2 protein chains.
Amino acid sequence: MVLGYTMAKKADRLEAIREAHSLETETAHTDRMEDYLEVIYELIKKKGYATTIDISKYLNVSSPSVTKMVQKLDESGHLNYEKYRGIVLTEKGTSVAEGMHEKHNLLVEFLKMIGVKDDIANIDAEGIEHHLHPETLKKLEDFVKAAKKNISR
Amino acid sequence: MVLGYTMAKKADRLEAIREAHSLETETAHTDRMEDYLEVIYELIKKKGYATTIDISKYLNVSSPSVTKMVQKLDESGHLNYEKYRGIVLTEKGTSVAEGMHEKHNLLVEFLKMIGVKDDIANIDAEGIEHHLHPETLKKLEDFVKAAKKNISR
DNA sequence: TACTAATGTTAGCTAGGGTTAAATTTAAAA
DNA sequence: TTTTAAATTTAACCCTAGCTAACATTAGTA
């Protein structure tokens, strides 16, 4: 019985990998689109608008890359884009961006909590935030909340 | 002063995003290569060899994709590949794969610890494991160790 | 208002990783 | 041993996202 259990666990590792790579996320948007939306959202929040150059600066890409992605995000309904004029996030785009923002905050909070330095926490959060199951987010949230309570107790 | 601090934090968010996307990782291998190496490693560990079909199955890709990537991993020195004959991981490839394996284990352990269910923990670990700074891994490791001690206390 | 600088966009190309269809090699069965 | 089936590889293609160079538009200054 113990052996059987061990075997099952071993097989699970490969099964788990398979499941992880079979996810039909069907999100209708890519990780990269999320990155752009997040930056656009933060820029608008900070200065009221998001220019091609600023977006390119914060994503470390060229301006033509930005233009291209912005056109794509316009077509997918995440924002409204008028050539040479500007960008406005739609409700859809805002909702995606806010989701990223919250995930990012939660992750940074947690990482700092276990002692990761600010800048590294931010970098890692940026890398991780695309890949978290809602359940994981929920548990992480609970954990952070509980830990905070413990500290203040 | 308080305002100044707040402003700084707001600016930091965008700066953090910028840093995260400017990383010159210079790892000489991509995330996808890591995925393949991990699966190949697990397959070899489990059955002694890794076939094209098995790899394709666990990564949910077609067999031509596997062949192509295996050729690439051969050229990069992560494995030795002989057409129609088989694959042997080199030291370099093994070391990358073992690194992934360990990161994966650590992440799953942590996620389960905070209450994430087994299968989801595995899926998320798979998504996250490419994006963790060594410092973050270290802190996470410390955290898990400490938590374990607490439980058994 | 006219001219120049800055910003934004288009065109054309690259690399990574994926796919299907067709060809090859290996293995198994008659 | 010949024939057939399964596994593997090659060929030819697609898509995402990036880049540089060239072009267009807007804004700022003389």
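A quick note: this is a predicted structure, and the numbers were derived from the prediction, not measured. Every chain is numbered from 1 and lettered A, B, ... according to where its sequence line falls, protein lines coming before strand lines.
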Measure from [atom1] on [X] to [atom2] on [N] and round the result to the nearest Å.
X	N	atom1	atom2	result
Glu82(B)	dT8(D)	CD	C1'	14 Å
Asp35(B)	dG17(C)	CG	C1'	12 Å
Lys57(A)	dA6(C)	NZ	P	16 Å
Arg85(B)	dT8(D)	CZ	P	11 Å
Leu73(B)	dT9(D)	CG	C1'	16 Å
Tyr84(B)	dA27(C)	OH	C1'	14 Å
Tyr81(B)	dT9(D)	OH	C1'	6 Å
Ile53(A)	dA5(C)	CD1	C1'	12 Å

Problem set entry | Residue pair Tyr58(A), Tyr36(A): steps toward the ring pair (Phe, Tyr, Trp, His ring centres under 6.0 Å) verdict | CA-CA 9 Å; Tyr58(A) 288 112; Tyr36(A) 277 86; over 10 Å; no

Exercise. Can you tell which of dG8(C), dT8(D), dA11(D) lies closest to the side chain of Pro64(B)?
Worked result: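 The answer is dA11(D), which lies nearest to the side chain.
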
Salt bridge flag under 4.0 Å for residues [X] and [Y]:
X	Y	value
Glu15(B)	Arg18(B)	yes
Lys139(B)	Glu135(B)	no
Lys46(B)	Glu42(B)	no
Arg32(B)	Asp35(B)	yes

For this session: Check whether the ring centres of His101(B) and Tyr41(B) lie less than 6.0 Å apart, and answer yes or no.
Result: yes

Pairwise N/O distances under 3.5 Å, protein to nucleotides 15-18 of chain D:
residue : atom : partner  : partner atom : Å
dA17(D) : OP1  : Thr30(A) : OG1          : 2.7
dA17(D) : OP2  : Lys72(A) : NZ           : 2.2
dG18(D) : OP1  : Arg32(A) : NE           : 2.4
dG18(D) : OP1  : Arg32(A) : NH2          : 2.9
dG18(D) : OP2  : Tyr36(A) : OH           : 2.9
dG18(D) : N7   : Lys68(A) : NZ           : 3.2
dG18(D) : O6   : Lys68(A) : NZ           : 2.5

For this session: Check whether any side-chain nitrogen or oxygen of Lys83(B) sits under 4.0 Å from OP1 or OP2 of dT10(D), and answer yes or no.
Result: yes

